A.B. asks: 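Here it is, the structure, as structure tokens.
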Amino acid sequence: MAQEWRDHESERYGLALEDFDAYLARAARHADPEQTPPGRVPGAEYWLAAQGEIVACGRLRFWLTPALEVEGGHIGYDVRPSKRGLGFGKAVLRLVLGQASHRRLLRVRLTADADNLASIRIIESNGGVRSGEVVSLGSGKLIRQYWIDLQP
Ligand SMILES: CC(C)(COP(=O)(O)OP(=O)(O)OC[C@H]1O[C@@H](n2cnc3c(N)ncnc32)[C@H](O)[C@@H]1OP(=O)(O)O)[C@@H](O)C(=O)NCCC(=O)NCCS
């Protein structure tokens, strides 16, 4: 998966290619509130495997900051380039919502670029209720904001 990202899209998983143990150690630090770097909200990373292959990744932040409420939200996800359009995006969000519920979050924030139609579809089909739209201070792009209520 990491190699595919490098070949097709970005260095998102570059560290996993260079030094997998370091990637795992960083993920463990980011999940531990006592080791999280200053200014970073702790969160967990989950991998979705299908037929023995990692196909998607989901990330859950354990709480929001005012900035994350505007852009970024609680949850992020991505699907391996060669495995898109097969429902894994919807599945990974559904599974991470289960983890959020398990952690006793009652409501999660999600944001997506307004032109990321697949992501908008993923959020809305997982119960996302649109609450607003803002222009990103970082990218200048229009962002849609959603809340998803979770079952206790
Ligand atoms: C966005 C992303 C996660 C979608 O993953 P995916 O596995 O292709 O999504 P799914 O197969 O579950 O498809 C979800 C829905 O989007 C639709 N869809 C997929 N690609 C689409 C596209 N290019 N344009 C419009 N709709 C699209 C699907 O048809 C499906 O809707 P449906 O069930 O009504 O048919 C993937 O493209 C990705 O990893 N992008 C880069 C990272 C990213 O943008 N993450 C989200 C940040 S908010």
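Keep in mind that what you see is a predicted model, and the values were worked out from it rather than measured. In listed order, ligands and their atoms are each counted from 1.
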A.B. asks: Just need the protein heavy atom nearest to atom 13 (O) of ligand 1, so name the residue and atom and give the distance.
C.D. replies: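 Checked against all protein heavy atoms, atom 13 (O) of ligand 1 sits closest to Ile122 CG1, 4.5 Å.
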
A.B. asks: If we only count heavy atoms from C-beta on, is the Leu15 to Arg26 side-chain gap below 4.5 Å?
C.D. replies: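 A side-chain contact exists here, since the closest heavy-atom pair is under 4.5 Å.
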
A.B. asks: Can you tell me how far the OH atom of Tyr146 sits from the CZ atom of Arg107, to the nearest 0.5 Å?
C.D. replies: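 Going from the OH atom of Tyr146 to the CZ atom of Arg107 covers 15.5 Å.
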
A.B. asks: Note the single closest protein heavy atom to atom 25 (C) of ligand 1, along with its residue, its atom name and the distance in Å.
C.D. replies: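 Heavy-atom neighbour on the protein nearest atom 25 (C) of ligand 1: Leu117 CB, 3.6 Å.
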
A.B. asks: On a heavy-atom basis, I'd like to know which of Leu48, Asn116, Asp115 is closest to atom 1 (C) of ligand 1.
C.D. replies: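 The option holding the nearest heavy atom is Asn116.
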
A.B. asks: Considering heavy atoms of the protein only, find what lies nearest to atom 5 (O) of ligand 1 and give residue, atom and distance to 0.1 Å.
C.D. replies: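 In this structure, atom 5 (O) of ligand 1 has Val79 CG2, 3.5 Å as its nearest protein heavy atom.
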
A.B. asks: Tell me the protein heavy atom at minimum distance from atom 37 (O) of ligand 1, and give that distance in Å.
C.D. replies: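 The answer is Arg84 CD, 3.3 Å.
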
A.B. asks: Please report which non-hydrogen protein atom sits nearest to atom 11 (O) of ligand 1, along with the residue it belongs to and the distance in Å to one decimal place.
C.D. replies: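 Looking only at protein heavy atoms, the one closest to atom 11 (O) of ligand 1 is Gly87 N, 2.7 Å.
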
A.B. asks: Using a cut-off of 6.0 Å, state whether more than 12 heavy atoms not belonging to Arg12 lie near its atom CZ.
C.D. replies: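 Yes - once you tally the heavy atoms of other residues, nucleotides and ligands closer than 6.0 Å, there are more than 12.
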
A.B. asks: Are Lys83 and Glu4 ion-paired here, with the side-chain N under 4.0 Å from a carboxylate O?
C.D. replies: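 Salt bridge: no.
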
A.B. asks: Protein heavy-atom contact under 4.0 Å for atom 31 (O) of ligand 1?
C.D. replies: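 So atom 31 (O) of ligand 1 has protein heavy-atom neighbours under 4.0 Å.
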
A.B. asks: Within the 4.0 Å heavy-atom shell around Thr111, which atoms of ligand 1 are there?
C.D. replies: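 Here the atoms of ligand 1 in question are 48 (S).
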
A.B. asks: Students should be able to answer this: which protein heavy-atom is nearest to atom 18 (N) of ligand 1, and at what distance?
C.D. replies: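 Ranked first by proximity to atom 18 (N) of ligand 1 is Ala118 CB, 3.6 Å.
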
A.B. asks: Would you find more than 12 non-hydrogen atoms of other residues, nucleotides or ligands less than 6.0 Å from Gln3 atom CD?
C.D. replies: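 Yes, enclosed.
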
A.B. asks: With rounding to the nearest 0.5 angstrom, report the CZ to OH distance, Arg59 to Tyr46.
C.D. replies: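 One finds 12.0 Å between CZ of Arg59 and OH of Tyr46.
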
A.B. asks: Taking 4.0 angstrom as the limit and counting only heavy atoms of Leu86, give me the atoms of ligand 1 inside it, by number and element.
C.D. replies: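 Heavy-atom distances to Leu86 below 4.0 Å select 11 (O).
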
A.B. asks: Hey, what do you get for CZ (Arg144) to CD1 (Ile123), rounding to the nearest 0.5 Å?
C.D. replies: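 Nearest 0.5 Å value for the CZ-CD1 distance: 9.5 Å.
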
A.B. asks: Validate the cation-pi geometry between Arg109 and Trp147: distance from NZ or CZ to the six-membered ring centre under 6.0 Å, angle to the ring axis within 45°.
C.D. replies: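 So Arg109 does make the cation-pi contact.
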
A.B. asks: Considering non-hydrogen atoms only, spot the tightest contact between Thr111 and Val70 and give its length.
C.D. replies: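 Heavy atoms only, the tightest pair is CG2-O, 3.6 Å.
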
A.B. asks: List every atom of ligand 1 that sits less than 4.0 Å from any heavy atom of Arg121, numbering the atoms from 1 in the order shown and giving each element.
C.D. replies: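 Those atoms are 15 (C), 16 (O), 30 (C), 31 (O), 32 (P), 34 (O).
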
A.B. asks: Please say whether more than 12 non-hydrogen atoms of neighbouring residues, nucleotides or ligands are located less than 6.0 Å from NE2 in His102.
C.D. replies: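 Open.
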
A.B. asks: Nearest protein heavy atom to atom 33 (O) of ligand 1, by residue and atom, and its distance?
C.D. replies: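 For this ligand atom, the closest protein heavy atom is Lys90 NZ, 2.4 Å.
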
A.B. asks: Any protein heavy atom sitting closer than 4.0 Å to atom 21 (C) of ligand 1?
C.D. replies: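 Flag for atom 21 (C) of ligand 1 set to true, protein heavy atom closer than 4.0 Å.
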
A.B. asks: Pick whichever of Gly89, Gly73, Pro81, Gly85 has a heavy atom sitting closest to atom 8 (O) of ligand 1.
C.D. replies: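 The residue whose heavy atom sits nearest atom 8 (O) of ligand 1 is Gly85.
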
A.B. asks: Note the single closest protein heavy atom to atom 45 (N) of ligand 1, along with its residue, its atom name and the distance in Å.
C.D. replies: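 Nearest protein contact, heavy atoms only, for atom 45 (N) of ligand 1 is Tyr77 O, 2.9 Å.
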
A.B. asks: Would you mind listing which atoms of ligand 1 come within a distance below 4.0 Å of any non-hydrogen atom of Asp78?
C.D. replies: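 Reading through ligand 1 atom by atom, the close ones are 39 (O), 42 (C).
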
